[in-house]
A.B. asks: 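The structure's right below; bear with me while I get my questions together.
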Amino acid sequence: MRSSSVYLYKNITMKNYETLVDATNDLLKRGYTANLSLDGDTIDDKEKDIRMTADDFEIDEFYRFEGASNPSDMSIVYAVSSSKYNLKGVLVNAYGAYADDSSSALAAKLHHGQVSHNLHGEDRPTA
């Protein structure tokens, strides 16, 4: 998957990565070591048995990628931190046609609260 955008987020110009793997590897080098997964209304670090709700974490950075052969094959890499659980990790989530269409507070935070104001046009979530 390839990125085509550089975003300004939290007054920081974020890096432009060629691939999703490049982004996750760089975040790992910068201390985002937890492998996070989306599970319903929580983001989980299964290794440490941590389940975070929308109030338990912040999105520090995010990067959107499109598939090289299929532009509808999109993912977002989130750099997530939690002072409550003293962790930093990476969450990879589908976007666009394959996105989780949950109406939970967690989905609202991932797709609206901290992210959507940086997206434009067809990238902006509608729900």
Side-chain angles (χ1 to χ4, degrees):
M1 297 186 157
R2 300 212 177 268
S3 172
S4 60
S5 301
V6 176
Y7 296 106
L8 178 66
Y9 187 61
K10 292 187 176 185
N11 295 319
I12 300 169
T13 301
M14 298 189 315
K15 297 181 180 186
N16 187 23
Y17 298 104
E18 286 294 316
T19 68
L20 187 142
V21 172
D22 291 342
T24 55
N25 284 342
D26 187 56
L27 290 170
L28 179 66
K29 288 177 190 174
R30 293 191 286 132
Y32 291 87
T33 56
N35 183 15
L36 304 175
S37 60
L38 187 59
D39 186 12
D41 288 343
T42 62
I43 289 180
D44 300 346
D45 179 346
K46 294 185 190 294
E47 184 177 306
K48 295 181 181 176
D49 197 28
I50 294 172
R51 297 174 60 90
M52 295 183 288
T53 64
D55 294 332
D56 295 335
F57 68 90
E58 294 297 324
I59 299 170
D60 298 330
E61 303 173 29
F62 68 95
Y63 303 92
R64 188 176 74 94
F65 296 88
E66 293 181 356
S69 62
N70 184 357
S72 67
D73 180 19
M74 295 185 280
S75 292
I76 295 182
V77 174
Y78 297 96
V80 175
S81 63
S82 172
S83 56
K84 178 177 180 177
Y85 293 105
N86 193 30
L87 71 76
K88 290 170 57 174
V90 175
L91 171 68
V92 178
N93 193 25
Y95 191 78
Y98 300 106
D100 175 11
D101 61 357
S102 170
S103 61
S104 72
L106 184 69
K109 186 167 192 172
L110 291 177
H111 296 296
H112 295 280
Q114 294 182 345
V115 176
S116 67
H117 69 278
N118 289 305
L119 301 176
H120 53 79
E122 68 277 1
D123 295 339
R124 189 180 302 274
T126 57

A.B. asks: Should Thr53 and Asp41 count as side-chain neighbours, where that means a heavy-atom distance under 4.5 Å?
C.D. replies: no
A.B. asks: What are the two closest heavy atoms between Phe65 and Leu20, and how far apart are they?
C.D. replies: CE2-N, 3.5 Å
A.B. asks: Any side-chain to backbone donor/acceptor pair from Ser82 onto Asp56? Under 3.5 Å, distance only.
C.D. replies: yes
A.B. asks: Which residues satisfy the side chain to side chain donor-acceptor pair (under 3.5 Å) test with Asp26, sequence neighbours excluded?
C.D. replies: Lys15, Tyr17, Arg30
A.B. asks: Tell me, please, which residues at least two apart from Lys29 pass side-chain contact (heavy atoms from CB on, under 4.5 Å).
C.D. replies: none
A.B. asks: First locate atom CG of Leu87, then atom CD1 of Ile50, and finally report the distance between them rounded to the nearest 0.5 Å.
C.D. replies: 5.0 Å
A.B. asks: Can you name the side chain to side chain donor-acceptor pair (under 3.5 Å) partners of Ser37, sequence neighbours left out?
C.D. replies: none
A.B. asks: With Asp39, which residues qualify under side-chain contact (heavy atoms from CB on, under 4.5 Å), at least two apart?
C.D. replies: Thr42, Asp44, Lys46, Arg51
A.B. asks: In chain order, what residues pass the side chain to side chain donor-acceptor pair (under 3.5 Å) check against Asp22, with sequence neighbours excluded?
C.D. replies: Thr19
A.B. asks: To the nearest 0.5 Å, how far apart are CD in Glu58 and CE in Met52?
C.D. replies: 11.0 Å
A.B. asks: The criterion is side-chain contact (heavy atoms from CB on, under 4.5 Å); which residues satisfy it with Thr33, sequence neighbours excluded?
C.D. replies: Leu28
A.B. asks: Do you know the tightest heavy-atom contact between Lys88 and Gly31?
C.D. replies: CB-O, 3.5 Å
A.B. asks: Mind checking the CD1-CD1 spacing from Ile59 to Ile76? Nearest 0.5 Å is all I need.
C.D. replies: 8.5 Å
A.B. asks: Any heavy-atom pair between the side chains of Tyr32 and Asp60 that's under 4.5 Å?
C.D. replies: yes
A.B. asks: Minimum heavy-atom separation for Leu36 and Leu91, please, with both atom names.
C.D. replies: O-CD1, 3.6 Å
A.B. asks: Could you check Asn35, Leu27, Val80 and say which one makes a side chain to side chain contact (heavy atoms under 4.5 Å, CB included) with Val90?
C.D. replies: Leu27
